[in-house]
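First up is the structure itself, then whatever we jot down about it.
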Amino acid sequence: MAVSGRGPKNDSNGSGKTSFQSVVTVLLGDPQWRFDINGGAPAVGLLLQAEATGIEGEFFSAERGYIIGVFARRGHHDVNSSVTVWVRLTKAKPHLVARVTPGIVVVDADTDDARYRQADELWVSLGRDGECSARRMGETLYGDAPRCLSFLDTDLRKNAPSLLSEKMTDMSPAAIGDALIELAGLRHHFDAEQEQRNKLGEHERSLREAKATHQDRLRTEEAQLEGIRGRERARGHLARGEQMWRLHFAKRLVEVVPLVTQAEEAQAAALIEKENAERDANAARDDLRAIGDGTELDAAVRAARAEQERATGEFNRISGSIEQLRGRLTEVKTRESTLIDAASGWDGSSVESAAATLKAAHGNRASVAVTRDSAVAGVAEAKRLLKEAAEGRTPETASAIDALGAAEVVCAGFADAVDLTEAARTEWEALLWHWRDAIVVRASDLPSAVTAVAGIPGTTLISADPDGSDAPPVPEGVQTTWAIGGFLSRVAQRASVHLDPVYAHDPDVGVITIGTFSTPVTGRATRIGQAQSFLRAAEQRLVDANESLIRAERAVGQCEQDEAIAKAVAELATVVGTIKRIDAEIAEKAGSRSKAQTAVDEAQSALEVAINRQAGHNAQVLTAKSRVKDCEQEVSSYKDDVERAATQILRLNLPYWQSGWGGSVEEAQEALAAQDEAVRVLKPDTIRRRASEALREAIVAYGSDGALSDDLLRIGNDDQRQRILEPDNEGVAGNAPSFVDFAMPLQIRLDGTAELDAIVGESIERERTARGQNLAMLETEVSGMASGLSTLQDMIEQSVESRFDRMRAAFDRLSREHGGFGADLVVSSRRPETADAIWRWEVTPQWRRSSGGRLTSYKVTLNGAAHKVASFHLTLAALVAGDESSKIGKVLVIDELGNSLGDVNRKDVLKVMQSVAESEGITILGVCQDSVLDDAASYSRELLWFRHASEHQVYNQPVRAWGFDEFGDRVDLIGDAVRSGRPWL
């Protein structure tokens with residue numbers, strides 16, 4: 001069925017055809033309206049909107065409206081077998097409701113107003129027995145498989161990807177899969193799966209939240225339990241620390257008693273040895289004073305060393321001067337050798353003469369360079385003139401010709417457009433001389449030409465003879481392609497030509513122009529030839545100038561070389577004199593250095609004698625001082641022994657350890673014997689550190705620093721605890737510290753929390769058990785839902801794959817039945833992995849392009865019409881896939897049929913559409929633009945024509961229809977209702 005019409009602008013736009021198509025798809029429950037989700041709200045946009053049509057104020061927008069459809073079985077077009085469906089659209093909820101009634105129930109009142117009132121009355125009379133909601137409308141009226149599929153160009157709903165309105169090669173396999181799913185009406189399966197997946201996602205989130213809460217509670221409880229366990233560990237550490245503290249006193253007391261006895265005996269023996277060593281030291285000091293201090297010998301050494309240093313300095317100074325002269329002599333001789341080579345070829349010229357010659361050569365080169373630059377400029381100018389001559393331009397006309405060209409005015413330079421024969425030159429060159437820089441334009445272009453050159457003063461325009469005028473022809477001897485006979489005639493009439501001498505005289509303005517030019521002054525070929533001769537002459541001048549410049553450059557180079565040789569000769573004479581002077585200075589200084597060497601040798605001998613005398617005296621002094629030192633060290637050693645013994649007795653501090661233990665040595669030995677071997681072998685300091693470490697471990701077990709009060713922080717502070725319980729000088733002075741007193745704040749807290757710790761531990765254990773049971777229940781629910789979702793997905797996948805299998809078979813059958821060679825679909829499914837993901841179905845159509853050929857992907861484009869046919873076959877395959885009963889009553893609505901088909905092989909594609917529709921028993925409604933209407937009508941079986949004459953009219957004119965099929969009795973079925981109130985029908 002072809003649908004078209006005429007709108008307010010006398011084309012098919014705005015005629016109401018797309019609105020009619022939309023109404024049909026609503027009536028037939030097109031799944032793309034998604035009534036199952038939106039309740040029919042988008043379809044409300046079909047109601048009259050006064051503000052959108054420009055009639056606001058004159059008419060009101062519709063609040064409700066009805067779509068009425070009559071259905072009958074093919075071949076049984078009678079009232080009894082018919083069914084009428086009413087669809088009510090309202091702006092208020094529910095937006096869409098359908099009612100079904102047997103028979104034919106339509107409005108048939110005589111006037112429009114009466115029919116409007118009758119519609120509301122009939123709706124009420126239908127009752128609610130046959131009513132269904134928007135969500136259930138499609139399934140209730142037409143079954144599970146969709147009966148209507150459409151491609152509509154409307155803003156009222158979201159359109160699915162169209163295999164007909166888009167170029168299939170531009171669609172991805174996923175887009176094709178989505179389009180086929182929409183065509184087959186399978187989208188609701190995926191909506192159900194999405195809903196199930198969303199519920200699973202919510203339960204999984206609940207489970208994750210419960211697990212996160214459980215973990216948070218575990219961390220909190222673990223912190224509490226860790227505190228309880230820490231306090232219990234702290235009690236054990238505290239008891240062990242107190243025991244270690246008493247044992248370290250016992251161990252040290254047992255060690256100190258025998259050590260004190262040994263120290264007292266060593267102190268008495270050291271006092272006797274100290275007195276004997278002091279007597280030996282006094283005798284050694286007397287021997288050292290008898291040797292003397294050796295002052296005179298030191299002065300003699302200093303004097304001899306000073307003389308030796310002076311003589312050596314003088315010798316080094318003379319030697320340095322000689323080396324400097326020798327270095328200078330080497331440099332000068334090297335320069336002499338260089339100058340001898342440079343002076344080779346000297347012609348006897350002086351430096352001044354050579355410089356003057358060089359200056360003259362530079363001046364000549366500069367002059368020649370200027371000449372060469374002038375020749376270069378001359379060549380550039382000659383080339384420019386030749387280019388302008390070839391383009392029909394002169395320097396005087398170039399700007400004006402460019403401006404006219406930009407204005408698209410056809411023109412030509414007058415001197416370029418006119419050629420004179422040799423015989424005509426005598427007369428016409430003088431006459432035309434004043435017009436050589438003028439520009440010829442057509443008479444019709446003269447106003448445009450004047451506007452174009454208005455900004456170029458001095459431009460002269462010559463108007464050609466108008467087309468069709470009776471202007472005289474071009475005079476004999478004047479050759480031109482322009483119709484300027486009138487202009488030339490007027491010039492000849494104004495002036496006369498005289499021959500001896502040759503001149504042209506214009507008496508009206510009193511102007512005389514002398515003639516007899518040596519070369520022609522007009523004609524493009526003449527001007528080009530003159531420009532070429534000028535260019536050749538300029539290029540020859542440039543060649544001559546370049547050769548002159550090369551010769552000048554060579555002369556400058558030779559003069560520079562002559563000047564350098566003259567300078568080398570002059571410098572060589574100076575260098576020879578310098579060599580002689582340096583040789584004399586070296587000989588003189590060599591004698592002075594010999595005398596200085598003798599003085600150095602004598603001074604060195606005197607210094608060695610003085611040093612030997614001084615060394616003998618110093619040896620005697622060292623021997624005596626060594627004996628004194630040995631004696632004094634022996635005294636000091638015995639003195640240290642006495643002091644060490646006293647210090648040892650003080651350091652052992654026997655009273656300190658006796659006080660700290662609080663018992664006898666025998667009791668201490670018994671306490672140690674009761675310990676394990678691992679404790680008995682420890683040193684007292686190690687046992688003491690064990691006590692301090694046990695206290696530190698108790699504090700650590702009790703809690704972090706941030707949770708401790710000041711008195712506990714004092715115990716936990718390593719510096720304070722070590723200063724009190726682990727002093728470096730323990731036992732040297734003072735009373736023994738009390739471990740119990742120092743640890744008392746911690747002991748009090750541990751005793752106070754013992755009962756509460758037991759209660760809290762039992763409570764945490766009960767709560768953990770309850771949360772574990774709740775998590776297990778949630779995990780069971782999620783596992784069950786996941787299993788159910790997987791089963792649902794399996795079912796959907798099987799159902800969709802089964803439908804795609806039927807599409808594949810239908811696609812292949814349609815291809816073969818309508819001139820093709822077979823087709824296939826390659827289908828792949830990608831299930832969603834998350835609740836937000838999309839289930840992707842990728843479908844790749846492929847078909848054979850020739851008999852026996854292989855299947856080729858739709859991406860390979862060889863024939864545009866073949867792709868359109870394949871797109872149509874694929875669309876119909878999705879529509880008819882299934883058993884034969886599923887095809888009955890199926891409708892395909894295509895908006896803008898011309899846009900879908902294009903201009904290539906349109907008739908072939910429309911022919912296939914007609915053939916498929918008839919063979920498959922499918923109704924196709926195609927909206928046609930003007931360009932495709934004639935072709936579409938030729939292949940249709942019915943034509944609907946809509947007419948909306950003016951934008952100011954609310955209603956269309958009556959719809960006209962032409963039918964060409966064999967089912968005319970369906971027209972009679974509701975003929976009476978249509979004709980009611982319309983006497984002209």
Side-chain angles (χ1 to χ4, degrees), residues 328 330-399 401-402 413 415-416 436-437 517-521 523-579:
R328 174 61 178 154
T330 300
E331 294 175 358
V332 173
K333 285 185 176 181
T334 301
R335 180 59 179 165
E336 178 187 29
S337 177
T338 302
L339 291 174
I340 290 173
D341 293 338
S344 177
W346 181 45
D347 61 359
S349 300
S350 65
V351 174
E352 293 76 9
S353 174
T357 303
L358 176 60
K359 181 177 180 181
H362 278 298
N364 179 58
R365 182 181 62 182
S367 176
V368 173
V370 170
T371 301
R372 196 279 306 270
D373 293 342
S374 177
V376 171
V379 170
E381 176 63 15
K383 288 180 178 179
R384 184 184 65 80
L385 293 175
L386 177 59
K387 182 176 181 295
E388 289 181 347
E391 295 174 351
R393 299 147 57 98
T394 67
E396 292 76 10
T397 62
S399 298
I401 289 176
D402 290 342
D416 189 67
R436 67 188 183 281
D437 294 327
F517 294 93
S518 60
T519 59
V521 298
R524 176 175 296 187
T526 300
R527 293 180 62 236
I528 291 174
Q530 292 171 351
Q532 289 174 338
S533 298
F534 184 65
L535 175 59
R536 287 193 294 271
E539 289 174 339
Q540 183 58 46
R541 287 193 295 274
L542 178 59
V543 170
D544 296 341
N546 284 332
E547 292 176 353
S548 298
L549 182 60
I550 292 172
R551 290 193 295 271
E553 292 284 355
R554 291 173 180 170
V556 169
Q558 183 61 46
C559 290
E560 289 175 344
Q561 183 178 0
D562 292 343
E563 183 189 35
I565 292 174
K567 288 181 178 180
V569 171
E571 185 181 354
L572 182 59
T574 302
V575 167
V576 170
T578 301
I579 291 173

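Remember, predicted model here, so these are calculated numbers, not experimental data. Heavy-atom basis, side chains included; hydrogens, waters and symmetry copies ignored.
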Salt bridge (charged side-chain N to carboxylate O under 4.0 Å, His left out) partners for K333, two or more places apart: none
Listed partners of E547 passing salt bridge (charged side-chain N to carboxylate O under 4.0 Å, His left out), at least two apart: none
R536 bridged to E539 by N-O distance under 4.0 Å: no
How far does NZ of K359 sit from SG of C559, to the nearest 0.5 angstrom? 13.5 Å
Please round to the nearest 0.5 Å and tell me the distance separating atom CD1 of I401 and atom CD of E396. 10.5 Å
If the condition is side chain to side chain contact (heavy atoms under 4.5 Å, CB included), which residues does S399 pass it with, not counting sequence neighbours? I456
Under the side chain to side chain contact (heavy atoms under 4.5 Å, CB included) test, which residues partner D402, sequence neighbours left out? R393
For residues 369-384, run the donor-acceptor check on the side chains, cut-off 3.5 Å, and write out each pair with its distance to 0.1 Å, sequence neighbours left out.
| unit_1 | atom_1 | unit_2 | atom_2 | d |
| --- | --- | --- | --- | --- |
| T371 | OG1 | S367 | O | 3.2 |
| E381 | OE1 | R384 | NE | 3.2 |
| E381 | OE1 | R384 | NH2 | 3.2 |
| E381 | OE2 | R384 | NH2 | 2.4 |
| R384 | NH1 | E388 | OE1 | 3.3 |
| R384 | NH1 | E388 | OE2 | 2.8 |

Check residues 549-558 and write down every donor-acceptor pair under 3.5 Å in which the side-chain atom is one partner and the other belongs to a residue at least two apart or another chain.
| unit_1 | atom_1 | unit_2 | atom_2 | d |
| --- | --- | --- | --- | --- |
| R551 | NH2 | S548 | OG | 3.1 |
| E553 | OE1 | R365 | NH1 | 3.1 |
| Q558 | NE2 | D562 | OD1 | 3.1 |

I'd like to check R335 versus T338 (side-chain heavy atoms, cut-off strictly below 4.5 Å). Are they in contact? yes
